[in-house]
Engineer: 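Before I ask anything, let me first share the structure, which is written out below as structure tokens.
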Amino acid sequence: MTIRLYDTSARQIRDFTPLTPGCVSIYLCGATVQAAPHIGHIRSGLNFDIMRRWFAYRGYDVTFVRNVTDIDDKIIKKAADQGRPWWSIGYENERAFNDGYAALGCLPPTYEPRATGHVTEMVEMMRGLIERGHAYEADGNVYFDVRSYDGYLELSNQELDNLLQPSGEGETGKRDPRDFAMWKAAKPGEPSWETPWGRGRPGWHLECSAMAHKYLGTAFDIHGGGLDLIFPHHENEIAQAKAYGDDFASYWVHNAWVTMAGDKMSKSLGNSVLVSEMVKQWRPIVLRYYLGTPHYRSMIEYSEEALREAESAFARIEGFVQRAGEKAGKAVAPAAEVPLAFAEAMDDDLGVPQALAIVHTAVRQGNSALAADDKEAAVERLAEVRAMLGVLGLDPLDEHWAGEADRGDAVLNKSVHGVVDSLVRLVLEQRESARARKDWATADAIRDQLGQSGLVIEDSPDGPRWSLGPR
């Protein structure tokens with residue numbers, strides 16, 4: 001079956017036909033590194049990691065480019081506020097993003113270019129656009145003339161007359177307020193690079209058009225990113241690239257957000273959940289399950305309850321893998337092919353929820369085989385489950401997740417300690433009530449019962465404390 005993808009530009013699911021047979025080229029808008037990543041940022045990386053893995057499973061040679069935007073207004077402002085070099089903030093957060101991607105099992109990109117490393121390519125593209133009449137210089141800025149490109153706004157399906165184009169400080173000299181900045185004139189104390197139009201720095205949109213051209217050529221297969229990038233970022237990328245003469249992307253694929261109380265998770269709203277904090281509370285493989293298994297075009301409403309449900313669901317899968325492996329008495333390799341129903345689900349616009357249902361069905365069948373002491377059937381299901389989990393990046397036996405079981409035990413022990421502490425404190429409150437009414441017999445009986453359970457009770461000026469003792 002042919003892989004099919006929802007193409008935002010066509011507003012429908014289309015059969016995927018690569019530009020080069022057997023190869024697929026993907027450009028993903030990556031991190032803008034003004035701050036550490038929250039789980040909404042990493043969701044995009046996970047969704048396209050699964051896409052990449054599926055193309056590879058289907059036999060494609062995948063070139064995957066994920067850029068880093070290491071210069072923008074927010075980075076510059078944060079550097080000024082903190083009295084730090086702008087590049088130190090970008091590099092620190094770039095490392096945090098890469099740590100987050102790696103923690104959740106994302107494969108490294110084929111290329112990961114930084115915007116500031118490609119000013120030469122940006123200048124070349126601006127020069128070509130000015131020569132073709134699609135761009136102009138004013139006050140040291142370089143703007144794209146949106147009326148010069150007939151296909152402008154086809155991706156976001158807007159009307160030019162109704163357009164409100166976001167503008168930044170210092171964007172003076174525009175011929176039309178809807179024109180957007182490709183290059184911004186230098187301001188005192190800000191980072192800048194020399195160009196034929198004076199010193200300045202790149203605009204966000206120009207960066208991606210130039211880097212996609214450099215690493216993937218004049219045409220490539222898939223451009224990806226979050227829904228919030230459709231306008232203005234992706235719309236402006238298309239205008240620049242196509243006006244320059246590139247065919248640019250054949251398919252546009254956008255992932256949905258992680259929300260909190262219905263709002264998109266973002267640093268500006270103060271509702272973000274940092275990956276660095278989440279991996280302290282939850283096993284990274286569980287976070288990958290939680291973020292990667294809903295359909296990429298579906299919103300995820302963040303809640304701890306949903307995370308606990310994901311943790312329980314993955315525990316059922318992991319438990320079968322462990323028990324079946326013990327039953328086999330030897331390492332069981334993943335099957336050479338995934339089940340047909342799983343493949344059909346993945347081919348249909350990366351239908352991970354439907355594919356995951358096949359995984360859980362195989363797990364139930366495997367557990368039934370274990371209960372019936374049918375070793376052969378259990379091992380067969382284990383091989384299938386490992387093959388499917390491998391495509392999703394969730395195989396607990398993969399070397400990437402080595403030590404995850406121990407990490408899971410540590411998280412579980414911490415959780416169990418909290419539950420035990422709550423229960424013991426409830427019993428100790430009953431003991432304190434008995435002591436308050438001078439019912440010494442009941443108070444002593446409670447202490448003795450706790451002692452028989454392996455707990456030592458110590459009365460202190462701050463109240464009773466408990467600890468584990470010999471039984």
Side-chain angles (χ1 to χ4, degrees), residues 46 49-50 52-54 56-59 102-108 279 282-293 307-346 351-417 419 454 471:
L46 276 175
D49 181 66
I50 292 171
R52 173 190 184 174
R53 288 170 182 264
W54 184 243
Y57 173 83
R58 280 303 200 194
L104 271 63
C106 293
L107 300 172
V279 295
W282 302 89
R283 295 171 60 198
I285 197 169
V286 169
L287 287 177
R288 182 179 178 100
Y289 185 97
Y290 170 66
L291 293 171
T293 54
L307 260 165
R308 285 193 292 270
E309 290 174 357
E311 184 178 48
S312 297
F314 184 73
R316 291 193 291 273
I317 296 173
E318 189 174 34
F320 164 70
V321 170
Q322 292 172 344
R323 291 190 298 274
E326 292 169 359
K327 185 72 172 178
K330 61 179 181 179
V332 176
E337 296 184 0
V338 298
L340 177 60
F342 181 95
E344 290 175 344
M346 293 297 292
V352 175
Q354 294 78 14
L356 194 63
I358 307 303
V359 174
H360 282 285
T361 296
V363 167
R364 287 193 294 271
Q365 293 171 344
N367 282 328
S368 296
L370 288 173
D373 201 25
D374 186 344
K375 177 179 175 180
E376 182 178 350
V379 169
E380 185 176 347
R381 296 289 84 73
L382 173 59
E384 288 179 352
V385 167
R386 287 202 64 195
M388 292 185 283
L389 293 178
V391 166
L392 302 176
L394 288 168
D395 182 1
L397 300 182
D398 186 278
E399 62 180 11
H400 176 80
W401 303 113
E404 268 285 292
D406 294 338
R407 166 74 186 277
D409 290 342
V411 173
L412 179 61
N413 289 339
K414 181 179 178 181
S415 176
V416 169
H417 185 278
V419 173
R471 294 188 58 183

Engineer: Hey, what do you get for CZ (R283) to CG (L104), rounding to the nearest 0.5 Å?
Structural biologist: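 The CZ atom of R283 sits 12.0 Å away from the CG atom of L104.
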
Engineer: Could you measure the distance from the CD atom of Q354 to the CD atom of E344? Nearest 0.5 Å is fine.
Structural biologist: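 Rounded to the nearest 0.5 Å, the CD-CD separation comes out at 12.0 Å.
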
Engineer: If you take all heavy atoms of P396 and I285, which pair is closest and at what distance?
Structural biologist: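 Scanning both residues completely, I find the closest heavy atoms to be CA-CD1, 4.1 Å.
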
Engineer: Kindly list each side-chain donor-acceptor pair under 3.5 angstrom involving residues 355-362, sequence neighbours excluded, with atom names and distances?
Structural biologist:
from: H360; atom 1: NE2; to: Y289; atom 2: OH; distance (Å): 3.0
from: T361; atom 1: OG1; to: A357; atom 2: O; distance (Å): 3.0
from: T361; atom 1: OG1; to: R364; atom 2: NH2; distance (Å): 3.2

Engineer: Check side chain to side chain contact (heavy atoms under 4.5 Å, CB included) between V379 and all other residues, then give those that pass, not counting sequence neighbours.
Structural biologist: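 In terms of side chain to side chain contact (heavy atoms under 4.5 Å, CB included), with neighbours along the sequence ignored, V379 is linked to A328, V332, K375.
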
Engineer: Quick one: CD on Q365 to CD on E380, what's the gap to the nearest 0.5 Å?
Structural biologist: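 Interatomic distance, Q365 CD to E380 CD, rounded to 0.5 Å: 9.5 Å.
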
Engineer: Just to verify, what does R308 make a salt bridge (Lys or Arg N to Asp or Glu O under 4.0 Å) with, not counting sequence neighbours?
Structural biologist: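 Result, salt bridge (Lys or Arg N to Asp or Glu O under 4.0 Å) vs R308: E304.
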
Engineer: Can you name the residues that form a side-chain hydrogen bond (donor to acceptor under 3.5 Å, both in side chains) with R52, not counting sequence neighbours?
Structural biologist: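 With neighbours one apart ignored, the set is empty.
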
Engineer: Which pairs with one or both residues in residues 388-399 pass side chain to side chain donor-acceptor pair (under 3.5 Å), sequence neighbours excluded?
Structural biologist: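 Listed by first then second residue: R386-D395.
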
Engineer: Going through the distances and angles, do F342 and V391 end up as a side-chain contact (heavy atoms from CB on, under 4.5 Å)?
Structural biologist: CA-CA 10 Å; F342 181 95; V391 166; 4.2 Å; yes

Engineer: Decide side-chain contact (heavy atoms from CB on, under 4.5 Å) for V352 and W54; before the verdict, give the C-alpha distance in whole Å, the side-chain angles of both, and the deciding distance to 0.1 Å.
Structural biologist: CA-CA 11 Å; V352 175; W54 184 243; over 6 Å; no

Engineer: According to side-chain hydrogen bond (donor to acceptor under 3.5 Å, both in side chains), who are the partners of E384, at least two apart in sequence or on a separate chain?
Structural biologist: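 side-chain hydrogen bond (donor to acceptor under 3.5 Å, both in side chains) list for E384, sorted by chain: R381.
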
Engineer: Can you run down the side chain to side chain donor-acceptor pair (under 3.5 Å) pairs that involve residues 324-337, sequence neighbours left out, and say none if there aren't any?
Structural biologist: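 Listed once each, the pairs are K327-D373.
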
Engineer: From L394 CG over to I50 CD1, what is the distance, rounded to the nearest 0.5 angstrom?
Structural biologist: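 The CD1 atom of I50 is 7.0 Å from CG of L394, to the nearest 0.5 Å.
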
Engineer: For residues A333 and A383, report the shortest heavy-atom separation together with the two atoms involved.
Structural biologist: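 Scanning both residues, the minimum pair turns out to be O-CB, 3.5 Å.
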
Engineer: Give the minimum heavy-atom separation between V385 and V321, together with the two atoms involved.
Structural biologist: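 In terms of heavy atoms, the two residues are closest at CG1-CG2, 4.1 Å.
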
Engineer: Quick one: do R288 and D49 satisfy side-chain contact (heavy atoms from CB on, under 4.5 Å)? Show the steps, please.
Structural biologist: CA-CA 11 Å; R288 182 179 178 100; D49 181 66; 2.7 Å; yes

Engineer: At their closest point, which heavy atom of G366 faces which heavy atom of A378, and how far apart are they?
Structural biologist: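 Result for this residue pair: O-CB, 4.2 Å.
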
Engineer: If you compare all heavy atoms of G325 against all heavy atoms of L382, which two are closest, and at what distance to 0.1 Å?
Structural biologist: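 Scanning both residues, the minimum pair turns out to be N-CD2, 3.8 Å.
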
Engineer: Checking side-chain contact (heavy atoms from CB on, under 4.5 Å) for the pair E318/W401: CA distance, chi angles, key distance, verdict?
Structural biologist: CA-CA 12 Å; E318 189 174 34; W401 303 113; over 6 Å; no

Engineer: Got a second to check how far L307's CG is from Y290's OH, nearest 0.5 Å?
Structural biologist: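 Interatomic distance, L307 CG to Y290 OH, rounded to 0.5 Å: 5.0 Å.
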
Engineer: Would you please name every residue forming a side-chain hydrogen bond (donor to acceptor under 3.5 Å, both in side chains) with R323, sequence neighbours left out?
Structural biologist: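 Listed in chain order: N367.
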
